[in-house]
Amino acid sequence: MRGFKKLLAALVCLVCVPVLAVPALAWEFEMAGSMTWTYEFYSQQGNQGFFGPWDFDNDITATDNLNYWWNGPRIAQNLVTGHDASRAYFYVVLDPTIKINPAVRMKGRVRLGQWGNPQASYYNTQDSPGTDNAMSEAQWTMFWATAQTPWGTFGIGKRPWKFGTGLQYDGSDGLTTESAVLNAPYGPFDIGVGVYAHRPAKGGATVSLDPYSVDLRPVSTYSPPAPVANPVANFLSLGGDFFASHPALIGQVGPVPVVAPYFNHADKSGALRMDLVAYGVYNNGPLQMGVLGSYGTYHRGPEATLKFTGAKSALNLAQDSDFFHGTAFTKYNNGRFFFNAEAAWVYWTDRLMGADLFTVGGFSPSGVPFFAGIGPFTPGPRYTEQWRYMAEAGVMAGPSKLSVLASWSPGPDRRAGALIDRQPALFVLHPAADVFYGNYDVFRPYSFIFSYNYGSGLNAYNLSLDGYVRDAWVLAGRLDYAVAANLNVYGTFMWAERTSNGYGWGCIFPNFPFAPDGSVTFRVNGPLFADLAGTPSPNIPDRSLGWEVNAGVDWNLLEGFTIGFLTGYWQPGKWFSYACIDRSVPAWFTGAGPGNNWGTRPTKSIDPIIAGQFTMTYSF
């Protein structure tokens with residue numbers, strides 16, 4: 001009996017060994033996340049607004065009660081009726097990780113924002129009251145998988161794309177990649193190559209016009225009809241796409257629906273080919289250096305010349321485009337001093353082929369204005385060559401940290417009232433592509449109002465709808481002081497001016513009477529009716545964008561619970577006095593021209609903006 005018990009005990013041990021070992025072979029689940037509640041307020045300190053004195057409109061009287069222009073992201077950027085604007089909201093971010101084994105894992109991100117709004121939304125307070133009324137559908141914004149192989153780490157799926165300082169590849173806030181990438185470590189080097197097997201360049205299966213490009217054909221009259229009611233050509237609304245209409249076809253007046261020649265998402269017309277990326281990074285103690293380059297090319301339109309060349313085929317112009325973008329950066333931090341620098345580039349060429357029978361003017365050689373004469377539209381190439389630069393340096397001494405920043409980004413080249421075919425800024429010819437390469441993380445520590453809220457005055461909002469800087473020379477500084485291990489106070493200063501004077505007087509204006517809802521339109525060439533009359537506005541001579549100061553505190557009150565408060569003051573510069581029309585000017589909209597300074601009052605002053613933000617963040 002005693003021997004039987006020993007045998008039974010031995011059998012039990014043998015059975016338990018594989019059973020107890022099973023959990024070590026199973027997959028593991030981890031979760032990180034946060035919930036952030038925010039209250040923001042904004043106020044203009046006086047009655048002299050961006051668009052002139054308040055409660056007065058000398059052209060469209062039905063909207064003279066609309067006053068303060070708050071250009072905050074994620075909320076409608078329409079004028080409000082008073083001095084002030086505010087909002088309260090929260091959002092939740094969950095980052096799960098599934099470890100299948102030590103070499104293979106999957107990661108993702110779930111975001112709780114506003115119901116039915118998948119684009120980086122917040123849940124605005126009281127949008128959906130009631131215990132059984134859904135506030136959000138918990139949207140998956142990213143999901144990717146990685147595998148550590150003998151040749152390096154291989155990754156697929158939608159994931160953040162962060163490289164360098166974030167001047168061009170700001171994966172910490174917005175930019176993602178869905179390429180298949182192999183990253184191979186070699187000593188102090190990381191060498192990577194990636195490719196997209198298939199990626200539509202058109203942004204949707206039924207979009208006919210290339211969403212990365214903007215049509216710079218002139219607003220014009222047609223023969224026969226009269227001027228179109230809602231002309232789109234040469235109407236560059238910064239950061240936006242075309243209206244859902246196109247200039248009228250021959251013999252037809254008014255806008256017509258966009259023709260959609262792509263009805264199948266698998267259509268390779270408009271799909272990127274030769275879609276490649278390669279990079280190298282060197283790491284050695286306090287020093288990190290890297291370089292990245294990405295090349296792609298695509299064809300849009302018919303695969304051959306259409307036999308029918310009448311007006312119905314005019315929208316189906318063939319276009320071949322190629323782009324090459326990349327960056328080189330350096331980071332150094334020895335615990336006392338730090339230095340970051342980056343130079344980023346984008347080269348983009350569009351070659352157009354075919355005949356367009358319903359426009360006038362034509363593309364021209366470099367240095368000669370677009371559409372200088374009247375005649376058949378002759379398609380030709382368009383070029384973008386953009387370079388952006390930044391340098392940041394600082395010193396850490398005890399509880400203090402001092403940082404300074406200098407950056408430069410280009411703007412449009414406009415001559416004799418027209419944009420030329422060679423542009424130094426990506427957003428001029430490719431506004432929808434420019435938002436991919438926002439630089440929110442570079443400027444947000446230094447600017448809350450001008451950069452984050454007003455998108456540098458050019459509607460510059462990235463894929464997460466956070467403001468960034470376009471066309472500006474920026475100098476900024478920041479001082480942080482750790483009062484305690486869990487309490488940090490800081491102050492910032494920023495000064496900026498435009499690097500380009502390629503904007504027409506009155507290029508920012510309320511969109512009346514087409515949309516009498518307080519919406520604001522950006523048009524590089526200035527007032528629409530001035531172009532129709534053949535009197536385009538001159539370039540803005542003053543480049544000052546103003547200065548901004550901020551002060552704030554971050555208090556980690558409990559583990560996983562942080563309170564933050566920030567307040568800022570921005571004095572807009574003289575550039576806005578020329579760029580923003582003045583509604584006290586007679587006929588500022590319907591009669592803009594040389595006789596009324598194209599609807600502007602350059603001598604006006606714009607009262608400063610005060611803004612603040614209070615946040616509570618719960619994290620785990």
Side-chain angles (χ1 to χ4, degrees), residues 50-51 71 77 212-220 231-243 247 348 350 361 363-364 368-372 382-386 409-435 454-461 468-472 497-511 514 519-543 545 575-581 588-589 592-593 597-600 602:
F50 287 93
F51 303 110
N71 207 34
Q77 296 164 322
Y212 292 155
S213 304
V214 65
D215 193 348
L216 293 182
R217 288 170 289 187
V219 171
S220 60
V232 194
N234 207 17
F235 196 95
L236 178 49
S237 180
L238 303 183
D241 296 326
F242 281 105
F243 297 131
W348 200 308
D350 302 304
F363 286 88
S364 61
V368 181
F370 272 130
F371 328 117
R382 311 182 287 205
Y383 306 94
T384 295
E385 180 181 344
Q386 172 177 280
S409 56
D413 191 339
R414 180 176 183 261
R415 308 180 188 184
L419 298 163
I420 69 169
D421 64 344
R422 296 171 187 259
Q423 288 294 325
L426 181 64
F427 69 83
V428 178
L429 295 175
H430 301 278
D434 185 73
V435 301
Y454 279 82
S456 61
L458 294 177
N459 204 27
Y461 297 100
Y468 64 95
V469 171
R470 286 173 173 166
D471 187 4
E497 70 173 23
R498 290 273 177 254
T499 60
S500 165
N501 67 347
Y503 305 87
W505 294 23
C507 61
I508 305 176
F509 53 91
N511 194 23
F514 296 143
S519 59
V520 175
T521 294
F522 301 78
R523 187 172 186 272
V524 168
N525 265 357
L528 171 64
F529 289 105
D531 280 357
L532 288 172
T535 56
S537 61
N539 287 1
I540 295 176
D542 198 308
R543 304 187 185 191
L545 297 172
W575 182 86
F576 288 94
S577 298
Y578 288 88
C580 298
I581 63 88
W588 63 264
F589 189 89
N597 286 323
W598 290 272
T600 70

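Only heavy atoms go into these numbers, but all of them, side chains included; no hydrogens, no water, no symmetry mates.
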- [ ] Taking all non-hydrogen atoms of both residues into account, name the closest pair between Arg498 and Arg470 and its distance.
- [x] NH1-O, 3.4 Å

Open item on the list: So Tyr468 and Val435, do their side chains get closer than 4.5 Å, heavy atoms only?
Closed with: yes

Task: Interatomic distance, Thr384 atom OG1 to Arg422 atom CZ [nearest 0.5 angstrom] - done: 11.0 Å

Task: Minimum-distance pair of heavy atoms, taken over all atoms of Pro602 and Asn597 - done: CD-ND2, 4.2 Å

Task: Results of side chain to side chain donor-acceptor pair (under 3.5 Å) for Asn501 - residues two or more places apart only - done: none

Open item on the list: For the backbone of Asp471 and the side chain of Ser409, can you confirm whether one donor and one acceptor N or O come within less than 3.5 Å of each other?
Closed with: yes

Task: Spatial distance of atom CH2 (Trp348) from atom CD (Gln386) [nearest 0.5 Å] - done: 11.0 Å

TODO: Check whether any side-chain heavy atom of Ser577 lies under 4.5 Å from a side-chain heavy atom of Asp542, and answer yes or no.
DONE: no

Open item on the list: Minimum heavy-atom separation for Gly411 and Thr499, please, with both atom names.
Closed with: N-OG1, 3.8 Å

Task: Minimum heavy-atom distance Pro424-Asp413, with the two atoms named - done: CD-CB, 3.9 Å

Open item on the list: For the CZ atom of Phe51 and the CH2 atom of Trp588, what is their distance to the nearest 0.5 Å?
Closed with: 8.5 Å

- [ ] For the residue pair Pro538 and Tyr578, establish whether any side-chain heavy-atom pair is separated by less than 4.5 Å.
- [x] no

- [ ] Look at the rings of Trp575 and Tyr503 and say which category their plane angle falls in: under 30° parallel, 30 to 60° tilted, over 60° perpendicular.
- [x] perpendicular

Task: Inter-residue atom distance Leu426.CG - Asp434.CG, 0.5 Å rounding - done: 5.0 Å

Task: Min side-chain heavy-atom separation Phe50-Tyr454 under 4.5 Å - done: yes

Open item on the list: As an exercise, state the distance from CZ of Arg414 to OG of Ser537, rounded to the nearest 0.5 Å.
Closed with: 4.5 Å

Task: Considering all heavy atoms, the nearest Gly502-Ser500 contact - done: N-OG, 2.9 Å

- [ ] Hey, could you give me the SG/CG distance between Cys507 and Asn539, rounded to the nearest 0.5 Å?
- [x] 10.0 Å

- [ ] State, to 0.1 Å, how close Ala425 and Pro412 come at their nearest heavy-atom pair, and which atoms those are.
- [x] CB-N, 4.4 Å

Task: Intermediate values then yes/no, side chain to side chain contact (heavy atoms under 4.5 Å, CB included), Ile540 and Trp505 - done: CA-CA 6 Å; Ile540 295 176; Trp505 294 23; 3.9 Å; yes

